[in-house]
Amino acid sequence: GEDYAYFTTQQFGELFQLTLETGAVEKIAQLDLTLWGIAVAPDQTVYVGGEGSTVFEIDPESGEVTREFGQMAESEYYAYDLFATAESVFVGVGNTDNSGLYHVDRDSGESRQLFPELFPDFTKKIDHNERYVQCHGNHDRSLVIDRDALANGEESAAHVVEPLPGQFGLAESASSR
């Protein structure tokens with residue numbers, strides 16, 4: 001099969017598919033809201049985060065919204081970044097009191113905030129590898145989650161990484177010399 005990349009036009013609600021082999025770009029979906037984050041699951045299902053911290057599942061073949069998971073958090077406007085696995089969609093939400101990392105079970109559609117007591121931070125970016133998910137939050141704080149431990153319900157699944165003392169202002173003071 002062909003390899004694809006996906007991107008949105010944010011405020012215009014358009015989702016595009018780029019065929020990497022040929023460079024061809026095709027608009028595959030149009031939603032009537034601002035789109036932010038995007039993720040592709042291993043089965044090639046596409047997920048987008050929209051305004052109101054809503055998450056949508058989109059069939060890349062038809063461009064149809066196949067599921068709407070609803071609002072991740074009350075009073076939150078942004079679903080900034082997403083990461084999808086075979087079982088889950090991780091959603092970075094931020095702007096007000098309900099900021100943080102949210103988890104959507106792809107089978108049941110249930111969503112919940114992960115570790116709100118540890119990491120109630122505005123979450124704009126999510127990095128990941130085979131085992132860990134890292135969420136970047138306020139003031140360079142990060143939440144690192146062991147996906148295996150999370151799946152097993154272990155309390156030790158998450159750790160907050162704080163910036164080093166004196167980290168802020170280093171670039172500014174170095175450039176002002």
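The basis for the numbers below is simple: all heavy atoms, side chains too, and nothing from hydrogens, waters or symmetry mates.
The salt bridge (Lys or Arg N to Asp or Glu O under 4.0 Å) search around Glu14 returns Lys27, not counting sequence neighbours. With sequence neighbours left out, the salt bridge (Lys or Arg N to Asp or Glu O under 4.0 Å) criterion links Asp32 to no other residue.
Taking CG from Leu82 and CH2 from Trp36, the interatomic distance works out to 13.0 Å, rounded to the nearest 0.5 Å. The OG1 atom of Thr19 sits 9.5 Å away from atom CG of Asp3, with the distance rounded to the nearest 0.5 Å. Note that the CZ atom of Phe115 and the CG atom of Leu101 stand 9.0 Å from one another [nearest 0.5 Å]. Here the straight-line distance linking atom CE of Met72 with atom OG of Ser99 works out to 14.0 Å at 0.5 Å rounding. For the atom pair CZ (Phe69) and CZ (Arg67), the distance works out to 4.0 Å, reported to the nearest 0.5 Å.
Counting only distance, with no hydrogens or angles, the side chain of Thr123 and the backbone of Asp121 share a donor-acceptor pair below 3.5 Å.
The two atoms that bring Ala39 and Ala84 nearest to each other are CB-N, 3.8 Å, heavy atoms only. Taking every heavy atom of both residues into account, Val91 and Ile126 meet most closely at C-CD1, 4.1 Å. Taking all atoms of both residues into account, the shortest heavy-atom contact from Thr9 to Gly13 is OG1-N, 3.8 Å. The nearest pair of heavy atoms linking His103 to Ser88 is NE2-OG, 2.8 Å. Taking every heavy atom of both residues into account, Gln113 and Phe119 meet most closely at NE2-O, 4.4 Å. Across all non-hydrogen atoms, the minimal contact from Ala79 to Val93 is CA-CG2, 4.5 Å.
Both Val161 and Tyr132 are assigned to one and the same hydrophobic cluster, defined by single-linkage of ILVMFWY side chains at heavy-atom distances under 4.5 Å. Cluster annotation: Ile58 and Ile38 are assigned to the same hydrophobic cluster (Ile/Leu/Val/Met/Phe/Trp/Tyr, side-chain heavy-atom contacts under 4.5 Å, transitive). Under a hydrophobic clustering in which Ile, Leu, Val, Met, Phe, Trp and Tyr are joined whenever their side-chain heavy atoms come within less than 4.5 Å, directly or via other members, Tyr47 and Val40 fall into different clusters.
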Would Leu18 and Phe7 satisfy side-chain contact (heavy atoms from CB on, under 4.5 Å), going step by step from the backbone distance to the final call? CA-CA 8 Å; Leu18 166 68; Phe7 60 95; 4.3 Å; yes

Does the pair Val48 and Leu15 meet the rule for a side-chain contact (heavy atoms from CB on, under 4.5 Å), with working shown? CA-CA 9 Å; Val48 293; Leu15 175 64; 4.2 Å; yes

Walk me through whether Leu33 and Phe56 qualify under side-chain contact (heavy atoms from CB on, under 4.5 Å). CA-CA 11 Å; Leu33 68 155; Phe56 300 89; 3.8 Å; yes

Using the side-chain hydrogen bond (donor to acceptor under 3.5 Å, both in side chains) rule, take Gln11 and Thr34 through it: C-alpha gap first, then chi angles, then the decisive distance, then the call. CA-CA 4 Å; Gln11 69 267 25; Thr34 300; over 6 Å; no

Applying side-chain contact (heavy atoms from CB on, under 4.5 Å), run through Val104 and Ser111 and close with a yes or a no. CA-CA 4 Å; Val104 177; Ser111 65; 3.9 Å; yes

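Classification of Asp43 and Arg106 as a salt-bridged pair holds, one side-chain N sitting under 4.0 Å from a carboxylate O. Electrostatic pairing of Asp81 and Lys125 does not count as a salt bridge here, judged by no charged N lying under 4.0 Å from a carboxylate O.
Aromatic rings of Tyr78 and Phe122 (six-membered ring for Trp) have centroids beyond the 6.0 Å cut-off, not under it.
At a cut-off of 3.5 Å, with distance as the only test, a side-chain donor of Gln17 or Tyr6 sits close to an acceptor on the other residue. In the model, Gln71 has no side-chain atom that pairs as donor or acceptor with a side-chain atom of Thr54 under 3.5 Å.
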Distance-only criterion, 3.5 Å: show the donor-acceptor pairs between side-chain atoms of residues 142-150 and protein atoms not counting sequence neighbours.
unit_1: Ser142; atom_1: OG; unit_2: Gln134; atom_2: NE2; d: 3.2
unit_1: Asp146; atom_1: OD1; unit_2: Arg131; atom_2: NE; d: 3.3
unit_1: Asp146; atom_1: OD1; unit_2: Asp148; atom_2: N; d: 2.9
unit_1: Asp146; atom_1: OD1; unit_2: Ala149; atom_2: N; d: 3.1
unit_1: Asp146; atom_1: OD2; unit_2: Arg131; atom_2: NE; d: 3.0
unit_1: Asp146; atom_1: OD2; unit_2: Arg131; atom_2: NH2; d: 2.6
unit_1: Arg147; atom_1: NH1; unit_2: Asn129; atom_2: O; d: 2.8

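In this structure, the side chains of Arg141 and Val160 come closer than 4.5 Å at one or more pairs of heavy atoms.
Glu117 CD: more than 12 foreign heavy atoms inside a 6.0 Å radius.
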